[in-house]
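The block underneath contains the structure these notes are about, expressed in C-alpha cells.
Chain A is the first sequence line, chain B the second, and so forth, proteins listed ahead of strands; every chain is numbered from 1.
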Amino acid sequence: MSTAATATTSALTNLILKSTNRQSLIKSLICPTIHWTPLLVNTILKHLWNHGPKALQFFDILLQNHPTYVHSASSFDHAIDVAARLRDYATVFTLLHRMRSLRLHPTPKTFAIIAERYVAAGKPDKALKIFLSMHQHGCFQDLRSFNTILDVLCKAKRVEKAWNFFKILRGRFQADVVSYNTIANGWCLIKRTNKALDTLKEMVEKGLSPNLTSYNIMLKGYFRAGQIEEGWKFFLEMKKRRCEIDVVTYTTVVHGLGVVGEVKRARKVFNEMVDKGVLPSVATYNALIQVLCKKDSVENAVSVFEEMLRKGYVPNSITFNVVIRGLCHKEQMEKAMEYMDMMRDNDCGPNVQTYNIVIRYFCDAGEIGKGLELLEKMSSENCLPNLDTYNILISSMFVRKKSDDMVVAGKLLIEMVDRGFMPRRLTFNRILDGLLLTGNQGFAKEILRLQTKCSRLPRQFKL
DNA sequence: TCGCACCCCC
C-alpha cells in the first residue's frame, strides 16, 4: 500500500477506536470523500482484530448505512471470524445469511473459519455439523474442504475425532495423499509417531504413494516426540533413498537438533545443506538463530543474523522476535529496543508479539511502569494489545500487592472485557482479592458486577 | 498437507 493509503488507514482506524457514539461514527464513515474498497475495509478489520466489538461495529455501519458500497466476500469472512472468536454465534449466522441475500456465496474458506473457531471453543461436534451443512448454505463440499476440516480438527489436537470422521467419509470424498498426511501430522502433533506411521502404511495399502511432505511430517514428529535418534536415522534414510530432500527437511533437522542442545550437529547440518546446494530460507535462519539464542549465546545468534543480512536475506518479524527475546533474556533491554527500532525501519512491526516479549521481561524485572509505557507506545502505533498482553501485565501486578497496582489491574480488566477478551476466573478473583485487601471496596464491587455480567450473558455484542 | 516466533500457566 502507498504511504498515503497507510495514513488513511491509520486515521480511520483511530477514528473508529476513539468514537463513543455510533451516530457520529456513521457520519464520519459515510462520507463521499472516503473511497471504500475491499482492501481498505480488510486492512482496517485486521488492525481492529484485537478489538472485536469495534471491528464488528465498523463492518456493520458500512453494511447497514452506506448507500452504495457493498462488502466483499473476504470482508464478510473477516467479520465472521471476529464474531466467531467472540463466540457470538448469533452474529455469525446473521452474517452468513446476509452474505447469501447479497448473492455473495459463502466459500469453503468461510466454513473453515467457523469450524476452526468452534473447535477452539471446545465444540468440535459443532464444527463437523457446520461442515456437513455447507451445501445447505449454497457451498458444495469437495475433497479440499474435507481435507480442511480434518486439518482443523488435527491442529486442535482432536486427532481421534478427525480419524473417526475420516474413516467414515474417506470413501465418499476419495481421500488422497493430503488427507492421509493431514491425519499423520495430527498424530505427530500429539506425539503418537507410531499411529502416524500406521496411517501412512494404511495409505500405501490403499495404493497411494507418500510424498516428500509425508516424510517431512514423520521427521518432525520424531523430533517433536523427543525421539531424536529415530529422527536422525529417518533423516539418513531419507537422504539415502529419496534424493529430493528439501529446505523444509533441513530446517526441521536444524531446529530439532538445536532444541535438545545439539548445537554443533545443528550447525553441521546447516552447513551441509549449503554444500548440497539446498538454499537455506529465512525460516532456516530463524531456526538456527533461535537455537543459538536458547542453547548457545545471543552473541553467536546475532552474528548469524548479521550473516543473513550480508547474504541479502530479508529478516521477517519472527527473526526479529527471536533475537529480541534472546537479548531480553540476557538483560540487554537497550539492545532489544534498538532491534525494535530496526523493525520500524524495515517496515515490519514491531507487532503485538514483539511488545509482549519486552513487556514481559520488564514486568519480570519489576519494572511495571516501563511495561505500561510500552502498552501506551503500542496503541500509538496502531498495534492493539491481545489477551496475552493483558495477562502479562495484570499478573505482574500481583508480585507485590500495592494498592495503586490493584486499581490499574482493575482498569486493565475492564478494558480487556470491553475489547472482547474473556479474562479467566482466576484473574477476576485475584483482582477482587487485591482490591479488597488494599481497601478499594467500591472498585471491587464494580469488578464483581462485571464478572457477574460476563458469566451470565451469552456473548452477543450489540452492533 | 510439512519447516522457523510470540503467549496466559500448568
Q | Pairing pattern in dot-bracket form [Watson-Crick, G-U; both distances under 3.5 Å; | = partner strand] for DNA chain B | A | ..........
Quick one: list whatever passes side chain to side chain donor-acceptor pair (under 3.5 Å) with [X], sequence neighbours left out.
{"X": "A:T182", "result": "none"}
{"X": "A:D275", "result": "none"}
{"X": "A:S214", "result": "A:N181, A:N211"}

**Q.** A:K201 vs A:E205, salt bridge (Lys or Arg N to Asp or Glu O under 4.0 Å): CA-CA, chis, key distance, verdict
**A.** CA-CA 6 Å; A:K201 278 181 191 155; A:E205 282 163 19; over 6 Å; no
Q: Using a 4.0 Å heavy-atom cut-off, write out nucleotides 3-10 of chain B from 5' to 3' as B (base contacted by protein), S (sugar-phosphate only) or - (no contact).
A: BBBBBSS-
Q.
Tell me whether A:E262 is salt-bridged to A:K268, with the criterion being a basic N under 4.0 Å from an acidic carboxylate O.
A. no
(Q) I'd like to check the salt bridge (charged side-chain N to carboxylate O under 4.0 Å, His left out) partners of A:K370; sequence neighbours left out, ordered by chain and number. (A) A:E367
Q) Rounded to the Å, how far apart are A:L197 CG and B:dC2 P? A) 19 Å
Q. Would you call A:I289 and A:M308 a side-chain contact if the rule is heavy atoms closer than 4.5 Å?
A. yes
Q. Looking at A:F235 versus A:Y222, is the centre-to-centre ring distance below 6.0 Å?
A. no
